[in-house]
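Note on naming: letters A, B, ... go to the chains in the order of the sequence lines (proteins, then strands), and numbering restarts at 1 for each one.
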Number of protein chains: 2
Amino acid sequence: MTAEQQATGLGKLTEGCSALEELQNPAAMSLLCVRVKKAKLHGPPDKFNAYVTLKVQNVKSTTITVRGDQPCWEQDFMFEISNLDSGLVVELWNKGLIWDTMIGTALIPLDTIHQSDEEGPGSWTALDSEVLMKEDQICGTTNPTPHQVLLDTRFELPFDIPEDEAEYWTSKLERINTMQIHDEVGSMTVH
Amino acid sequence: MTAEQQATGLGKLTEGCSALEELQNPAAMSLLCVRVKKAKLHGPPDKFNAYVTLKVQNVKSTTITVRGDQPCWEQDFMFEISNLDSGLVVELWNKGLIWDTMIGTALIPLDTIHQSDEEGPGSWTALDSEVLMKEDQICGTTNPTPHQVLLDTRFELPFDIPEDEAEYWTSKLERINTMQIHDEVGSMTVH
């Protein structure tokens, strides 16, 4: 994250109530929006055929697979968040014919993500090679790799929508997510 | 695992040297073969569109996605194992349009897997909803779900092949895995 972006993020947080304050209210919900933009990988370009997985608690989304040492995905994902204790786990994987190999991983604590209704330039996140756990929670990562990923993360919806409206959006999202359009639908992006 | 299968596994281990003894020798390597057969899931059949991921250390393989509460994959995967300290992490995921949701997870310690050159009937593994960690290693799972998966796991190659032959197979596997046949190759199975 650049100094400029940090300032923007902090600005957003101090303008209104923070995501952390709001989500300590059990009725609150929010949409975490993540744009997986691109990566800078170190190594021979023909070695990489990479995709990104995003995990929050027991929910996961996956990008398409892109070749080269500077893969560009520009895919948007969203997650419904009901508390900010956990983190967004980002994993970069190199797809192989028989097995996929992890390129690196990063943890973005949810309480560090700013609120914004607009897409931003994102920030470069360095990838580590291992996760650190505290009991059943990922609490960080360790062992730096030279690889980096550019992510734009933000909480999108205003947090003070009426409870019935929040419930409407929750059930609508659930319905969309379990729709059975086509068996072969792969990783789906939301624009 | 049934009593019969456990006995078979133990029989294999006591006939020759065990996988554990053999892999304590740093020159040893082995192929872990896993056949993901099917699952019994509890809930409305139209709720499920499931796939399985298998992870060993920083390597991962994924099945195709199959609908229904009794999905049948019958897909084979293999992993190159150089030590038996870790475990095979099995995850069942329900594919959604926007995000995938975890159905359950299980840990199979590598030192409990028997040697065999033949496929077996597999054993039913109950799935839990959470992993348990000890520092940076998954050491178990907790919180049972009603879901089960049928897996056949075994170490396939004889463990006493000459070192140069082991190196030959290692490099051959690496070459196959990084082959670039087609961009859209999805999860690949080995028969």
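Of the residues considered (T101(B), V66(B), V59(B)), V59(B) shows the highest number of contacts with chain A, using heavy-atom pairs under 4.5 Å.
Note that CD of E80(B) and CD1 of I98(A) are 9.5 Å apart. Values are rounded to the nearest 0.5 Å.
Under the 4.5 Å side-chain heavy-atom criterion for grouping Ile, Leu, Val, Met, Phe, Trp and Tyr, V149(A) is not connected to W93(A) through any hydrophobic cluster. Hydrophobic clustering (ILVMFWY, side-chain heavy atoms < 4.5 Å, transitive): L84(A) and F77(A) are in one cluster. Placement of F48(A) and V90(A) within a single hydrophobic cluster is found when ILVMFWY residues are connected by side-chain heavy-atom separations under 4.5 Å, directly or transitively. Under the 4.5 Å side-chain heavy-atom criterion for ILVMFWY residues, a single connected hydrophobic cluster contains both L41(A) and I64(A). When the side chains of ILVMFWY residues are joined at heavy-atom separations under 4.5 Å, either directly or via intervening members, L32(B) and V52(B) end up in a single hydrophobic cluster.
Although no hydrogens or angles enter the test, the distance criterion places a donor-acceptor pair under 3.5 Å between the side chain of N177(A) and the main chain of L97(B).
Between W99(B) and M78(A), the closest heavy-atom pair is CE3-O, 3.1 Å. Taking each heavy atom of T53(B) and K60(A) in turn, the nearest pair found is CG2-NZ, 4.1 Å.
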